[in-house]
S.K.: 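Attaching a single structure in structure tokens format; questions to follow.
Naming: A, B, ... by sequence-line order, numbering from 1 per chain. Atoms considered below: every heavy atom in the structure, side chains included; atoms not considered: hydrogens, waters and symmetry mates. Predicted model only: the values in this text are computed from it and were never measured.
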Amino acid sequence: MSNIRHALSARRADDFAQWYQEVISAADLAEESGVRGCMVIKPWGYGIWERIQRLLDDRIKATGHDNCYFPIFIPLSNFEREASHVEGFAKEMAVVTHHRLISDGKGGLIPDPEAKLEEPLVVRPTSETIIGDAMARWVQSWRDLPLLTNQWANVVRWEMRTRMFLRTSEFLWQEGHTAHEDAASAKEHTLRMLEVYRACAEDDLALPVIAGEKPENERFPGAAETWSIEAMMQDGKALQAGTSHYLGTNFAKASGIQYQDREGSQQFCHTTSWGVSTRLIGGVIMVHGDDDGLRVPPAIAPHQVIILPMLRDKEGDEELLAYCEKLRAAIAATSSLGEKTRVLLDKKPGKAAAKRWDWVRKGAPVILEIGGRDMEGGTVSLLRRDRLWAENGKPDFSTPTVEDAASSLPAMLEDIQKSLFDEAATRRDDNITRGIADMDALADFYSSDKRYPGWVEVQWSKPTGAALDAVVEKLKALKLTVRNVPVGGAVADGTCIFTGEPAVERIYVARAY
RNA sequence: CGGGGAGUGGCGCAGCCUGGUAGCGCAUCUGUUUUGGGAACAGAGGGUCGCAGGUUCGAAUCCUGUCUCCCCGACCA
């Protein structure tokens, strides 16, 4: 429909990167801060994060974890303990070296040379080492295990190239840290939390994901196994939306997390860690956004229903507002998706028709416009954000009675939640290609189209070490990466696309964020 | 961190080459007329041109440095 007047100026199909940025500003999610790589998360964006937090926190607590809070500063000597961890993060650390400023004599301030810290503090890029320190104190006996903790925090990684929500120098996340008696129980827990992430992504954020194990070269620094959930964006690229790590005894040995077992001998714990971040919001944008802005899945929408009275600055406005308030209360008394329906009566001055587009861009799931004639007829003008346009190229309003609107909203919100997921899942499934059996075909596939053709499932022999490095190089030439080996994926029955050896498993390769 | 591009009222831009202390559109405010739908007209407010130095009688404009953003690359749970 070329006659549709969209709410954004950028089009997904023309310039996905520019469109992404326009959604963030048009939906009022976040803005630049003036500090490199750091953003201000605005109320609508932060409200979405709070919803994600609430729902995920419930899931984390339901699996037996307690929340804690650890310091943002980690003593350098503490951070140094795990060698591969250091190697992985050393290049992107913020370091605190002074604790006082003095005048530079020119009206400015400089760190006081007299106030240099004896031991620098690093700003946490993740908290394995400092939490490991605590675990070493907290765990004495097998009776203390498993130790299941989580924290909600900010972390800092000095990234070379940043993008709002997807990769920022400072970001908000949740990091779970657990200690277990043995490898089997720690691995089991790693997968349990991966499943929690899958459920949260799919059921709460309506993001279809593929859960699986990352290849050796993509492991978290210091991990024995890294698992991820991967989501497909509308440009066909993959986004790692969450990770869960089995850390073996690497951090236990580095931090001295030991316990006395049932036989009375000292054992090292097997630990896990897992996290998801504000990057999820970037995923929601790139999966559910359209040419009119964001579409927020109802489960994570700060406001699910917006009531817009068509005020005219005349007598009658008060009566209209009272009518709207009554409807607001009726909707607020209903439950949707297992919680009280979140409805906002937007009384802000201004024309309803103009305010409507602000809420369209923000992606509120349902907008109810109510004018004098609606009030007389006992109806509302209802707009579903997931089905915005009618055949005639105009907003597709329906006009149920107020009673029907209020009573049908819970089911409608559930339907929107489901339809956003189904739309994304269909798109993902349509863009996974199978049956490519050699590198030439793979290269052709990814060079045949200007747009990203999505993901490809290939079979491989699971090379390690130098052989894996060679595979990574081959893929890199095509700007591709191995995403993961899906949990419960079909068994291999062919030869490795990279080495020609018998394949042992099927993997997804894709371009990625 | 390398290559390229850009920073001028809230947003999007022109002006810069050929120095003479800012302009357009949208938005905002006021008024009028309208209004079942992303209003029209008129008027008004708002910017020391990212920041710091330098050249000059005079700098948005020229020079140097620096910060931030965007794209590509390298890097990256």
S.K.: Return the nearest nucleotide to the side chain of E92(A); candidates are C70(B), C76(B), G38(B).
M.R.: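 Taking heavy atoms from C-beta onward, the closest nucleotide is C76(B).
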
S.K.: Considering only atom P, compute the distance from A40(B) to U35(B) and round it to an integer number of Å.
M.R.: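 Taking atom P in both A40(B) and U35(B), they lie 14 Å apart.
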
S.K.: So F171(A), base contact, sugar-phosphate only, or nothing? Heavy-atom distance under 4.0 Å.
M.R.: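 Base contact.
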
S.K.: Between C75(B), U68(B), G38(B), which nucleotide has the shortest distance from any of its atoms to the side chain of R36(A)?
M.R.: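 Selected nucleotide (nearest to the side chain): U68(B).
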
S.K.: Which value, in whole Å, describes the distance between the P atoms of nucleotides G65(B) and G5(B)?
M.R.: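 Per the computed distance, 16 Å lies between those P atoms.
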
S.K.: Under a 3.5 Å cut-off for both contacts, is C17(B) paired Watson-Crick or G-U wobble with anything, and if yes, with which nucleotide?
M.R.: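 By the stated definition (distances under 3.5 Å), nothing pairs with C17(B).
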
S.K.: Report the base-pairing partner of U48(B) (Watson-Crick or G-U wobble, both distances below 3.5 angstrom), or none.
M.R.: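 Pairing partner: none.
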
S.K.: Does K42(A) count as lying over the ring of W44(A), i.e. NZ or CZ under 6.0 Å from the six-ring centre, within 45 degrees of the axis?
M.R.: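 Geometry flag: not set, cation outside 6.0 Å or 45°.
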
S.K.: Just to confirm, is there a sub-4.0 Å distance from OP1 or OP2 of G73(B) to any side-chain nitrogen or oxygen of K479(A)?
M.R.: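 It does, given that an N or O in the side chain of K479(A) lies less than 4.0 Å from OP1 or OP2 of G73(B).
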
S.K.: Considering only side-chain heavy atoms of R163(A), which listed nucleotide, C71(B), G38(B), C1(B), is closest?
M.R.: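 Side chain of R163(A) sits closest to C71(B).
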
S.K.: Looking for any heavy atom pair under 4.0 Å, which part of the strands does G371(A) touch: base, sugar-phosphate only, or nothing?
M.R.: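 Base contact - G371(A) has a heavy atom under 4.0 Å of at least one base atom.
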
S.K.: In whole Å, what separates the C1' atom of A60(B) from that of U21(B)?
M.R.: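 After rounding to an integer number of Å, I get 10 Å for this pair.
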
S.K.: Within the 4.0 Å heavy-atom criterion, would you say S273(A) contacts the bases, only the backbone, or no part of the nucleic acid?
M.R.: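 No contact.
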
S.K.: Side chain of R36(A), backbone of T162(A): donor and acceptor closer than 3.5 Å?
M.R.: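 Looks like no, no N/O pair under 3.5 Å.
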
S.K.: Regarding G37(A), tell me which of base, sugar-phosphate or nothing describes its non-hydrogen contacts under 4.0 Å with the strands shown.
M.R.: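 It contacts sugar-phosphate atoms only.
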
S.K.: Would you measure the distance from the P atom in C16(B) across to the matching atom in C63(B) and give it in whole Å?
M.R.: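 Per the computed distance, 14 Å lies between those P atoms.
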
S.K.: If you measure from the P atom in G38(B) to the same atom in A27(B), how many Å do you get, rounded?
M.R.: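 It works out to 13 Å between them.
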
S.K.: Any base atoms under 4.0 Å from K351(A), or only sugar-phosphate, or nothing? Heavy atoms, all strands.
M.R.: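 Touches a base.
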
S.K.: Could you tell me whether H189(A) and H65(A) have their ring centroids closer than 6.0 angstrom?
M.R.: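 Yes, the ring centres sit under 6.0 Å apart.
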
S.K.: Quick one: label T243(A) by what it contacts on the DNA or RNA (base, sugar-phosphate, nothing), any heavy atom closer than 4.0 Å.
M.R.: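 Base, at least one base atom sits under 4.0 Å.
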
S.K.: Got T129(A) and F89(A) here, is their nearest side-chain heavy-atom distance under 4.5 Å?
M.R.: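 No, their side chains stay 4.5 Å or more apart.
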
S.K.: Does one side chain, of S84(A) or E82(A), offer a donor that lies under 3.5 Å from an acceptor on the other?
M.R.: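 S84(A) vs E82(A): donor-acceptor pair found between side chains.
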
S.K.: W19(A) near the nucleic acid: base, sugar-phosphate alone, or nothing, with a heavy-atom cut-off under 4.0 Å?
M.R.: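 Answer is nothing: W19(A) stays at 4.0 Å or more from every strand.
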
S.K.: Regarding S127(A) and E175(A), is there a side-chain donor-to-acceptor distance under 3.5 Å anywhere?
M.R.: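 Distance-only check passes for S127(A) and E175(A).
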
S.K.: Watson-Crick or G-U wobble partner for A6(B), using a 3.5 Å limit on both distances?
M.R.: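 By the stated definition (distances under 3.5 Å), U68(B) pairs with A6(B).
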
S.K.: Classify the nucleic acid contact of G372(A) as base, sugar-phosphate or nothing, counting any heavy atom under 4.0 Å across all strands shown.
M.R.: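 Base contact - G372(A) has a heavy atom under 4.0 Å of at least one base atom.
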
S.K.: Quick one: label F397(A) by what it contacts on the DNA or RNA (base, sugar-phosphate, nothing), any heavy atom closer than 4.0 Å.
M.R.: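 Since a base atom lies under 4.0 Å of F397(A), the category is base.
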
S.K.: Testing the 3.5 Å rule here: is there a donor-acceptor pair between the side chains of E230(A) and N484(A)?
M.R.: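 No - no donor-acceptor pair under 3.5 Å links their side chains.
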
S.K.: Base, sugar-phosphate, or nothing: which does A17(A) touch, judged by heavy atoms less than 4.0 Å apart?
M.R.: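 Here A17(A) touches the backbone only, sparing every base.
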
S.K.: Considering only the C1' atoms, how many Å lie between U64(B) and C72(B), rounded to the nearest integer?
M.R.: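 Comparing C1' positions in U64(B) and C72(B) gives a spacing of 28 Å.
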
S.K.: Please state whether the phosphate of G2(B), meaning OP1 or OP2, lies under 4.0 angstrom from any side-chain nitrogen or oxygen of R161(A).
M.R.: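 Indeed not, no polar side-chain atom of R161(A) lies that close.
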
S.K.: State whether Q21(A) places a side-chain N or O below 4.0 Å from either non-bridging phosphate oxygen (OP1 or OP2) of C69(B).
M.R.: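 No, no such contact exists.
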
S.K.: Could you give the distance separating U66(B) and U28(B) at their P atoms, to the nearest angstrom?
M.R.: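 Result for the P pair: 41 Å, nearest Å.
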
S.K.: Identify whether any heavy atom of R361(A) sits under 4.0 Å from a base atom; if not, whether one sits that close to sugar-phosphate; answer base, sugar-phosphate or nothing.
M.R.: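 If one applies the 4.0 Å heavy-atom cut-off, R361(A) turns out to touch a base.
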
S.K.: Quick one: does W274(A)'s side chain get under 4.5 Å of T243(A)'s, heavy atoms only?
M.R.: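 SC-SC contact between W274(A) and T243(A) ruled out.
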
S.K.: Taking atom C1' of C75(B) as reference, at what distance in whole Å does atom CD of Q240(A) sit?
M.R.: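 Between C1' of C75(B) and CD of Q240(A): 15 Å.
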
S.K.: Let's test this: given Watson-Crick or G-U wobble pairing with both distances under 3.5 Å, identify the partner of G12(B).
M.R.: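 The answer is C24(B), by the H-bond criterion.
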
S.K.: Mind calculating the distance between CD (E170(A)) and P (C76(B)) to the nearest angstrom?
M.R.: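 Rounded to the whole Å, the gap is 23 Å.
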
S.K.: Select base, sugar-phosphate, or nothing to describe what S277(A) touches, counting heavy atoms under 4.0 Å on all strands.
M.R.: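 Base: the residue S277(A), judged by heavy atoms under 4.0 Å, touches a nucleobase.
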
S.K.: Searching all strands shown, indicate the nucleotide that pairs with U56(B) (Watson-Crick or G-U wobble; both distances under 3.5 Å).
M.R.: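 Paired with no nucleotide.
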
S.K.: Whole Å only: how far is the CZ atom of R312(A) from the P atom of U32(B)?
M.R.: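 Atom CZ in R312(A) sits about 18 Å away from atom P in U32(B).
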
S.K.: Rounding to an integer number of angstrom, what distance separates A59(B) and U8(B) when you compare their C1' atoms?
M.R.: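 Comparing C1' positions in A59(B) and U8(B) gives a spacing of 14 Å.
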
S.K.: Just call it for P395(A): base, sugar-phosphate, or nothing, with non-hydrogen atoms closer than 4.0 Å on any strand.
M.R.: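 No contact.
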
S.K.: Go nucleotide by nucleotide along RNA chain B from the 5' end; which of T162(A) and V276(A) gets its closest nucleotide reached first?
M.R.: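 Between the two, 5'-proximity favours T162(A).
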
S.K.: Hey, which of these two, M164(A) or K91(A), hits RNA chain B nearer its 5' end, going by closest nucleotide?
M.R.: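 So the residue in question is M164(A).
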
